[in-house]
Visitor: 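For reference, the structure I am asking about is given below.
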There are 2 protein chains.
Amino acid sequence: MPRDKKYNEVEVLERAMDLFWKSGYNSTSLRMLSKEMGINQFSINASFGNKQAVFLESLKMYKTKLHQLLKTFEDSSNGIENIKNFFYAFAAFTNLDNTKRGCLMVNTMSEFGLEMDEQVGSLISNYEQHLRALFKKNLEFASTKDTETIKKQVNYLVLAIGGLGLATKVQEQNVIEDYIEMTFTNI
Amino acid sequence: MPRDKKYNEVEVLERAMDLFWKSGYNSTSLRMLSKEMGINQFSINASFGNKQAVFLESLKMYKTKLHQLLKTFEDSSNGIENIKNFFYAFAAFTNLDNTKRGCLMVNTMSEFGLEMDEQVGSLISNYEQHLRALFKKNLEFASTKDTETIKKQVNYLVLAIGGLGLATKVQEQNVIEDYIEMTFTNI
DNA sequence: TTGTTTTCTAATCATTTGATTAGTTATGAT
DNA sequence: ATCATAACTAATCAAATGATTAGAAAACAA
């Protein structure tokens with residue numbers, strides 16, 4: 001029988017995710033990953049395949065983390081206030097320990113635009129649909145809004161949370177708070 | 001007397017700007033620039049210094065273009081509607097010919113975050129101040145808003161236009177329009 | 001035409017990149 | 001203890017990167 005792996009693939013992937021989150025895909029080299037993950041380049045490729053695959057797995061892990069955050073708001077009582085609370089939680093999440101990393105998915109959208117790896121692209125658009133569903137559900141809750149209004153407000157909130165993900169990379173906390181408060185003044 | 005330059009530095013810079021606008025700093029190589037600008041790498045460095053300097057000059061040119069757009073709204077009648085019109089013009093500008101390039105400044109903020117070249121950073125924050133001034137002036141026009149409200153609404157609009165710059169890279173036109181319309185129901 | 005000056009071309013430099021190789025080490029079933 | 005297997009290390013590969021070099025070409029004053 002062969003020897004066992006010295007490292008835990010979930011643990012080293014978490015380090016990879018942190019690095020991609022902070023620096024993006026193109027600015028993160030395999031050598032940086034190797035150093036940060038504590039395993040060498042060969043082991044990275046042995047465990048994941050190649051750099052693109054490490055990135056995809058990092059995105060999946062990020063999505064899981066974000067989903068854990070989201071679940072709280074999916075389970076709790078419904079309504080606008082619930083969406084607003086999610087915005088605040090998202091802002092805290094994307095600026096954990098004042099790291100100003102933004103949102104890995106938003107960063108990735110910005111880095112690649114529409115010319116994105118297909119698997120990465122579908123992971124992200126899948127999550128956008130997920131968010132849309134949450135927003136829609138909460139907007140419909142105890143409300144007399146017509147379908148057209150809800151559609152527009154969902155579009156609005158999706159872009160607003162994208163903008164929030166970008167803003168947490170560069171803006172101060174008080175500006176972020178003003179933004180969230182203002183976003184929900186009229187919906 | 002020496003020979004004259006075969007190329008016009010403004011024209012080749014415009015090509016460089018287009019490339020940085022489309023692909024960002026790190027994903028644009030000197031060889032891509034050379035091909036697109038129609039001059040070789042030596043000439044690029046002879047005219048501008050190095051890659052970073054070409055980028056800085058590209059940003060300056062972009063800023064000038066954006067400023068030409070902005071001037072229309074600085075000169076025209078004041079008020080909320082004026083800001084809204086600027087949002088629409090900005091959305092059209094960042095998605096000219098359906099190129100989905102977004103805003104070069106927003107793209108740059110997203111690519112580098114706060115760890116940005118000093119000159120690039122001050123150029124961008126300088127423009128943010130410019131926008132803040134425009135928004136403030138128009139919000140104050142024929143309005144009884146208190147100082148605190150105006151401060152919050154300016155913060156809101158600055159982040160909203162950043163989000164719009166990001167959104168034009170990936171979203172459809174109708175979603176963009178819903179976003180702008182909804183943004184201005186809140187102020 | 002000649003000579004001087006600068007632009008331009010093409011080749012090359014040292015690094016860095018993603019990826020792979022050859023060879024060594026450790027594990028655990030027998 | 002032996003040995004088959006897979007994980008590991010370190011070195012290396014070809015390609016791409018930003019930058020620079022040496023020399024040819026062009027323009028104009030004299």
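Protein chains get the first letters and strands the later ones, always in sequence-line order, with residue 1 at the start of each.
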Visitor: What residues, two or more places apart in sequence or in another chain, satisfy side-chain hydrogen bond (donor to acceptor under 3.5 Å, both in side chains) together with B/T108?
Guide: none
Visitor: Rounded to whole angstrom units, what separation is found between the NZ atom of A/K6 and the P atom of D/dA6?
Guide: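 It is 19 Å, rounded to the nearest whole Å.
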Visitor: Measure from CE on B/M37 to P on D/dG18 and round the result to the nearest Å.
Guide: 13 Å
Visitor: Mind checking side-chain hydrogen bond (donor to acceptor under 3.5 Å, both in side chains) for B/H67 and listing every partner two or more places apart, or none if nothing turns up?
Guide: none
Visitor: Between D/dA19 atom P and B/I44 atom CD1, what is the distance in whole Å?
Guide: 10 Å
Visitor: Tell me, for nucleotides 11-21 of chain C in 5' to 3' order, what letter each nucleotide earns: B for a base near a protein heavy atom under 4.0 Å, S for only sugar-phosphate near one, - for neither?
Guide: ------BBBBB
Visitor: For B/F112, check ring-ring contact (aromatic ring centres under 6.0 Å, His included) against everything at least two apart and list the hits.
Guide: B/Y25
Visitor: Does C/dC8 have OP1 or OP2 sitting under 4.0 Å from an N or O in the side chain of B/Y7?
Guide: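 Result: yes.
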Visitor: Do A/L69 and A/L66 pass the side-chain contact (heavy atoms from CB on, under 4.5 Å) test, and can you show the C-alpha distance, the side-chain angles, and the key distance before you say yes or no?
Guide: CA-CA 5 Å; A/L69 190 80; A/L66 201 54; 4.2 Å; yes
Visitor: Tell me the interatomic distance from A/I39, atom CD1, to D/dA10, atom P, rounded to whole angstroms.
Guide: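 Interatomic distance, CD1 of A/I39 to P of D/dA10: 14 Å.
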Visitor: Could you list all the salt bridge (Lys or Arg N to Asp or Glu O under 4.0 Å) pairs where at least one residue sits in residues 78-88 of chain B, not counting sequence neighbours?
Guide: B/K84-B/E181
Visitor: Mind jotting down which residue pairs meet the salt bridge (Lys or Arg N to Asp or Glu O under 4.0 Å) criterion with at least one end in residues 152-179 of chain A? Sequence neighbours excluded, please.
Guide: A/D178-B/K151
Visitor: Expressed in angstrom and rounded to an integer, what is the separation of B/N40 atom CG from D/dG23 atom P?
Guide: 17 Å
